[in-house]
Amino acid sequence: MNKYKLLIVSAVGDRDGMALELADVESGEQVAEVFVDARTQLRTVAFYTNRHVPFEVVEWLLSEATKRL
């Protein structure tokens with residue numbers, strides 16, 4: 001997991017809610033996010049890369065999103 005980091009961000013405007021972003025430590029590229037819509041409480045997952053993301057990293061993202069969002 002050392003290759004990735006998590007960031008909690010808030011969004012207002014077109015998207016109103018909170019997100020937990022998964023980013024590549026070396027490049028700073030946003031790889032994925034879990035977003036919680038403030039109005040509906042709907043949780044969604046989006047990937048922003050075409051490269052393979054290890055399953056364990058995706059599990060980590062989802063587990064942390066469940067705890068933090």
Side-chain angles (χ1 to χ4, degrees):
M1 312 285 180
N2 295 339
K3 187 176 176 183
Y4 298 93
K5 65 181 177 180
L6 298 174
L7 301 132
I8 295 178
V9 299
S10 64
V12 293
D14 292 339
R15 292 188 342 155
D16 185 19
M18 298 287 294
L20 185 63
E21 296 180 351
L22 176 70
D24 182 290
V25 170
E26 292 177 15
S27 70
E29 172 191 11
Q30 183 181 356
V31 176
E33 76 170 9
V34 176
F35 181 78
V36 180
D37 186 287
R39 187 177 50 82
T40 65
Q41 296 302 304
L42 178 67
R43 293 178 184 220
T44 57
V45 179
F47 288 86
Y48 301 108
T49 185
N50 289 329
R51 67 180 155 149
H52 296 283
V53 180
F55 183 77
E56 293 79 13
V57 174
V58 175
E59 282 186 313
W60 176 53
L61 171 63
L62 296 176
S63 173
E64 290 299 313
T66 299
K67 293 177 199 172
R68 298 182 188 196
L69 298 177

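Counting begins at 1 with the first residue of the sequence. Scope of the values below: all heavy atoms of this structure, side chains included, with no hydrogens, waters or symmetry mates. Since the structure is predicted, the reported quantities are computational estimates derived from the model, not experimental observations.
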Determine whether N2 and V25 make a side-chain contact, defined as any pair of heavy atoms from C-beta on separated by less than 4.5 Å. no
What residues form a salt bridge (charged side-chain N to carboxylate O under 4.0 Å, His left out) with D16, not counting sequence neighbours? none
Answer with yes or no whether the hydrophobic clustering places I8 together with V57; edges join I, L, V, M, F, W, Y residues whose side-chain heavy atoms lie under 4.5 Å apart. yes
Taking all non-hydrogen atoms of both residues into account, name the closest pair between F35 and A19 and its distance. CD1-CB, 3.9 Å
Using the rule that two of Ile, Leu, Val, Met, Phe, Trp, Tyr join whenever any of their side-chain heavy atoms come within less than 4.5 Å, decide whether L69 and L22 are in one cluster. yes
For G28 and A23, work out which heavy atoms get closest and say how close. O-CB, 4.4 Å
Scan for salt bridge (Lys or Arg N to Asp or Glu O under 4.0 Å) pairs involving residues 30-48, sequence neighbours excluded, and state none if there are none. R15-E33
Starting from M18, can I reach V45 by hopping between I/L/V/M/F/W/Y residues whose side chains sit under 4.5 Å apart? yes
Are E26 and K5 close enough for a salt bridge, meaning some N to O gap below 4.0 Å? no
Same apolar cluster: L7 and V36, side chain cutoff 4.5 Å: no
What is the distance from atom CD of E21 to atom CG of L6, rounded to the nearest 0.5 Å? 10.0 Å
Please name the pair of heavy atoms, one in F47 and one in A32, separated by the smallest distance, quoted to 0.1 Å. CD2-CB, 3.7 Å
Determine, step by step, whether R51 and V31 satisfy the side-chain contact (heavy atoms from CB on, under 4.5 Å) criterion, reporting the C-alpha distance in whole Å, the side-chain angles of both residues, the deciding distance to 0.1 Å, and the verdict. CA-CA 9 Å; R51 67 180 155 149; V31 176; 3.3 Å; yes
Going by the side-chain hydrogen bond (donor to acceptor under 3.5 Å, both in side chains) test, which pairs reach into residues 57-66, not counting sequence neighbours? E64-K67, E64-R68
Working to the nearest 0.5 Å, report the span between CD of E29 and OH of Y4. 8.5 Å
